[in-house]
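Order of the sequence lines fixes the chain letters, A, B, ..., with proteins taken first and strands second; residue numbering starts at 1 for each chain. Atom set for the values below is all heavy atoms of this structure, side chains included, hydrogens, waters and symmetry mates excluded.
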Amino acid sequence: MKTIINGIIKENPVLVLLLGLCSTLAITTNFENAYIMGLCVTIVLVFSNIITSLIKKFVTKNVEVPVYILIISTLVTIIEILLQNYVPAIYEVMGIYLPLIVVNCIVLGRALSVASKTNVRTSFKDALGIGIGYTLVLMIIALFREIFGNNTLTIINSTSNLFGFKLMYKIFDNSILFPMEFLVKPAGAFLTLGILIGIFNSIKGGNNDEPN
Amino acid sequence: MMNLINIFITAILTENIVLTKFLGICPFIGTSKSRKSALSMGLSVMLVVTLSSIITYLLYHNLLVPTKTEYLKTILFILVIASLVQLLEIILKKYLKSVHDMLGIYLPLITTNCAVLGIVLLNITNDYSFVEMLVYSISSSLGFTLVIYLFSSIREKLENSFVPNSFKGYPIALITAAIMTLLFSRYI
C-alpha cells in the first residue's frame with residue numbers, strides 16, 4: 001500500500017518527476033481521452049514492470065535499454081491492435097500519441113530504476129502506483145480544461161460502441177459562463193499544467209523539482 | 001513546389017511540433033536552461049530526425065507495406081532510431097571528435113525523445129511523398145531547434161527575475177511556454 005501511495009503523491013510522474021509530458025499535454029482536451037490514455041499507460045507500465053522484473057537475471061547492463069524498449073514497444077503494439085479492432089473511434093482520436101507511449105519516459109524510467117532491481121511483487125505495486133498517479137493528474141487537467149474551455153464534460157463518447165450509450169454533460173450554459181476556448185488549444189495545456197505544478201508545490205511545501 | 005513551401009512554413013511556425021503537437025517536451029523543458037545546450041540538443045535532433053526519417057520511410061514502403069505488416073511499424077521504427085543513435089555516436093566519436101564533444105550527452109538521450117518517433121510516424125500518417133517527407137522532417141526539426149533556442153534565451157532572463165518560490169523552475173517555464181504558444185499559433 002505504501003508503495004502505491006508513494007507513486008501517487010511523493011513520486012507523482014507528472015507533477016514531481018515531470019515525465020511523460022507529451023501525452024499529458026496533448027490528450028487532455030477531453031475527459032474521456034484522458035482516462036483512456038491513463039489506462040493504456042497503466043496497463044503498459046504494469047506489464048513492462050512485471051516482465052522486466054522476471055527477466056532481470058538474463059539482461060546484462062549494456063543491452064538493458066534496447067531490451068526494455070523492445071518489450072515496451074511490443075506491449076504498445078498489442079494495445080494498438082486491440083483498440084483499433086474494438087474501439088476504432090478512440091484509436092482515431094489518439095492518433096500518434098498511442099504509439100508514442102513507447103517513448104513515454106515513465107515506462108522506461110520505471111523499468112530501469114525500479115523493476116530491474118526489485119522482485120515482481122514490489123515492481124507490480126510500483127507500476128500500479130505510478131499508473132494511478134499519472135491517470136489522476138491527467139483526469140484533473142482534462143476536467144479543468146474541458147469544463148472551462150468547452151463547457152462540457154465527456155465521460156463516454158468515442159467508446160459508446162462498447163457500452164451502448166453515451167454520457168455527455170453540458171456543465172454551464174454559454175450565457176452564464178462563456179467558454180474560454182484557448183484552454184482546449186495547446187496554450188491552455190501548458191498554462192494548466194504549469195499552474196497545477198505550482199499549486200502542488202505550494203501545498204506540499206518547498207520546491208524540490210527546481211532545476212539546478 | 002507551392003506545396004513544399006507550404007509544408008516548410010507551417011512545420012516551422014504555425015504547426016510547430018513542440019508548441020502545437022507537444023512532441024519533444026522533455027528536452028524542451030529539460031535542456032533549455034542555457035542557450036548552448038539548447039543549440040546542441042537542437043542540432044542532434046535535426047541530424048537524427050532527418051536520417052531516421054529517410055530510413056524508416058524506405059523501410060515502411062518497401063518492407064512493411066508489401067508484406068502487409070504495417071502494424072509492426074512502432075517496433076520497427078523505435079529499433080531503427082535506437083540503433084541509429086548508437087551508430088551515430090560511435091561514428092562521431094571516432095571520426096568527428098569536435099562534433100561529438102559539442103553534442104556530448106545529448107545524443108544518447110534522443111532515443112527516448114518523442115520528437116523523433118513522432119515526426120517519423122507523422123511522415124507515414126500524413127501520406128507524404130519522398131520529397132515532402134524530406135522537407136517535413138527537416139523543417140519540423142528546424143522548428144524544434146528554433147523554439148528551443150528562443151525558449152532558452154527567455155529562461156536565461158527568467159533566472160534573474162522574481163518568481164514566487166513554488167512556481168520557480170518548471171511551473172514558470174511551462175507558463176512561459178503557454179505565452180509562446182499563443183504567439184506562434186494562428187488563432188490570434
With the side chain counted from C-beta on, respond yes when B:Val135 and B:Tyr128 share a heavy-atom pair under 4.5 Å apart, and no when they do not.
-> no

Pick one of side chain, backbone, both or neither for A:Thr74, based on which atoms fall under 4.5 Å of a heavy atom in chain B.
-> both

Part of B:Leu79 within contact of chain A (heavy atom distance under 4.5 Å) = side chain

Just give me the residue among B:Ala115, B:Ala178, B:Ala177, B:Gly118 that pairs up with chain A most often, heavy atom to heavy atom, under 4.5 Å.
-> B:Ala178

Relative to chain B, which segment of A:Ile81 carries a heavy atom at a distance below 4.5 Å: side chain, backbone, both, or neither?
-> side chain

Of all of B:Thr125, B:Leu19, B:Ile81, B:Asn113, which one pairs up most often with chain A through heavy atoms under 4.5 Å apart?
-> B:Leu19

A:Thr42 (side chain) donor-acceptor with A:Gly38 (main chain) under 3.5 angstrom = yes

State yes or no: are the ring centers of B:Tyr136 and B:Phe8 separated by less than 6.0 Å?
-> no

Got a sec, which residues hit side chain to side chain donor-acceptor pair (under 3.5 Å) with A:Glu64, two or more places apart in sequence or on another chain?
-> none

Would you call B:Glu159 and B:Arg155 a salt bridge, using N to O less than 4.0 angstrom?
-> no

Proximal component of A:Leu108, with respect to chain B [non-hydrogen, under 4.5 Å] | side chain

Do B:Leu174 and B:Phe167 come close enough that some side-chain heavy atom pair is under 4.5 Å?
-> no

So what's closer than 4.5 Å to chain A heavy atoms on B:Ala82: side chain, backbone, both or neither?
-> neither

Can you tell which part of A:Ile195 gets under 4.5 Å to a heavy atom of chain B, answering side chain, backbone, both or neither?
-> both

Using non-hydrogen atoms and a 4.5 Å limit, figure out which bit of B:Val116 sits close to chain A: side chain, backbone, both or neither.
-> neither

Portion of A:Cys22 that has a non-hydrogen atom of chain B nearer than 4.5 angstrom | both

Keeping the roles fixed (side chain from A:Asn30, backbone from A:Asn33), state whether a donor-acceptor pair exists under 3.5 Å.
-> yes

Mind ranking B:Ile172, B:Ile175, B:Ile124 by heavy-atom pairs under 4.5 Å with chain A and telling me who comes out on top?
-> B:Ile175

Under 3.5 Å: donor-acceptor pair, side chain of B:Arg35, backbone of B:Ser153 | no

Between the side chains of A:Glu146 and A:Thr29, is a donor N or O closer than 3.5 angstrom to an acceptor N or O?
-> no

What part of B:Ile75 lies closer than 4.5 angstrom to a heavy atom of chain A: side chain, backbone, both or neither?
-> both

Measure A:Pro66 against the heavy atoms of chain B and call it side chain, backbone, both or neither at under 4.5 Å.
-> neither

If you tally heavy-atom pairs under 4.5 Å against chain A, which of B:Gly24, B:Ser83, B:Cys114 wins?
-> B:Cys114

Can any side-chain N or O of B:Glu132 pair as donor or acceptor with the backbone N or O of B:Ser129 at less than 3.5 Å?
-> yes

With a 4.5 Å cut-off on heavy-atom pairs, point out which of A:Leu196, A:Leu193, A:Thr24 contacts chain B the most.
-> A:Leu193

